[in-house]
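Values below: all heavy atoms of this structure, side chains included; hydrogens, waters and symmetry mates excluded.
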Amino acid sequence: MLKAILTSAFLVAGTLVAGAQAIDNSALDKSDFRAHARTFGLVYTLPQSVNDKLASTIGGMLREDLLKAGLATEALMFNIPHVTVVHIHNADPTTPEKMLKVLPSLPGRIDLTLKTFYTTEAAKDAGRPWWLDLGIVKEGKGYEKMMAFNVTATAALAPLRDGPLPRVTGPVYAKMGDAAKSLVKTMGVSGVNIMQDGKVTSVHNPHNTLVYSMASFTPAIQAAMNETAKNFNQVLPEGIETAFTTVSIVELAFAGNVLREIYRIDLENGSVLEVATGKAMKLAQN
């Protein structure tokens, strides 16, 4: 099923590069992170029922654990809970409009299960940034539909970047393996699926992030957050079944936390809501 969806959809997405610009990868050779200007992304925002479930079950424990670990900034970090399709960096404020114009065909409603908490680093031993994530069960028709759309959407949106995401440059890029470095050079970010030699790569790991941090991921912090993840998995051992019915174009901070929603797109009928104005429009499907 996944192969069939991708064979037809990817051919379309591969032509959608209107508005693409020259890519500057010079920051990859620097010792520090690239300066952050504007990062935009395509994400599935979590349904309110999921947010309520997380808040009432592990929300209080998470805040307590963060404060106990000396991570007060992380406890206060603003974020619209979401699962990422792809992030791109571009200082041009008209980038969201360009993203909207090149979106590939929508997948319809996506049914899936959020399950398993864990910690992860941008690159092993890079020190920062790091995250506490809630994963997604990697099976079922809903998961396959999501991954197929994510591949075609990434192919359509990545050419709109002006260079790599700042958080994958400098000390993070230096710690990456060859495959991840190649993705950063060609797509602006690691951890995304692409078509390669007629096949889909399998590096994308869709998830919802609960904690974003630029604090050093010391052994003590890592141990504390791994214990937090372990406790959360005991609280929600079966995960949370849900459905994504919309996908949104958003603006993000350096670490990947969503600061504002710009366009909300209905996955079934392609209707678009401009969140700031309430203006409704229709997606011109490619």
Give a yes or no answer on whether the side chain of [X] reaches the backbone of [Y] with a donor-acceptor pair at less than 3.5 Å.
X	Y	result
N257	F78	yes
S182	D178	no
K115	V137	no
T84	V86	no
K185	A180	no

Report yes or no: do [X] and [Y] form a side-chain donor-acceptor pair below 3.5 Å?
X	Y	answer
T120	D133	no
T119	N226	yes
R167	H87	yes
T113	E241	no
Y44	N150	yes
D162	H89	yes
N205	Y118	yes
E97	T94	no

Taking atom [atom1] of [X] and atom [atom2] of [Y], what is their separation to the nearest 0.5 Å?
X	Y	atom1	atom2	answer
E251	T95	CD	OG1	9.5 Å
L42	T154	CG	OG1	8.0 Å
I58	R63	CD1	CZ	13.5 Å
K181	N25	NZ	CG	13.0 Å
K98	I88	NZ	CD1	9.5 Å
D92	R38	CG	CZ	9.0 Å

Do you reckon [X] sits in the same ILVMFWY cluster as [Y], going by side-chain contacts under 4.5 Å, direct or chained?
X	Y	result
L210	F217	yes
M146	V189	yes
L157	V258	no
I221	M77	no
L76	W131	no

Could you check whether F254 and F33 have their ring centres less than 6.0 Å apart?
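Yes: the rings meet the under 6.0 Å criterion.
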
Evaluate the side-chain proximity of [Y] to [X]: yes if any heavy-atom separation is below 4.5 Å, no if none is.
X	Y	answer
I262	V250	no
L28	P164	yes
L160	M99	yes
P206	Y143	yes
T246	I265	no
L134	L54	yes
Y263	V275	no
I136	L114	yes

Side chain to side chain contact (heavy atoms under 4.5 Å, CB included) with T242: which of V50, L46, I110?
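That would be V50.
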
Specify the closest pair of heavy atoms between [X] and [Y], including all atoms of both residues, with the distance to one decimal.
X	Y	result
P159	I23	O-CD1, 4.3 Å
R161	N90	C-ND2, 4.0 Å
P81	N79	CD-O, 3.4 Å
A255	Y212	O-CD2, 3.4 Å
P171	S31	CD-O, 3.3 Å
A215	R128	O-CB, 3.8 Å

Given V83 and V43, is the side-chain contact (heavy atoms from CB on, under 4.5 Å) satisfied, shown in steps?
CA-CA 6 Å; V83 172; V43 309; over 6 Å; no

Decide whether a cation-pi geometry holds between K230 and F117; the criteria are a distance under 6.0 Å from NZ or CZ to the six-membered ring centre and an angle within 45° of the ring axis.
no

Take L66 and L62 through the side-chain contact (heavy atoms from CB on, under 4.5 Å) test and state the conclusion after the steps.
CA-CA 6 Å; L66 288 173; L62 177 59; 4.0 Å; yes

Test side-chain contact (heavy atoms from CB on, under 4.5 Å) applied to T57 and L236, step by step
CA-CA 8 Å; T57 55; L236 293 168; 3.8 Å; yes

Short N-O contact, D111 and R109, less than 4.0 angstrom
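Result for this pair is yes, salt bridge flagged.
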
Start with the C-alpha distance between M176 and V168, add both sets of side-chain angles, then the distance that settles side-chain contact (heavy atoms from CB on, under 4.5 Å), and finish with yes or no.
CA-CA 9 Å; M176 286 180 171; V168 298; 3.9 Å; yes

Does E64 have more than 12 heavy atoms from other residues, nucleotides or ligands lying within 6.0 Å of its CD?
no

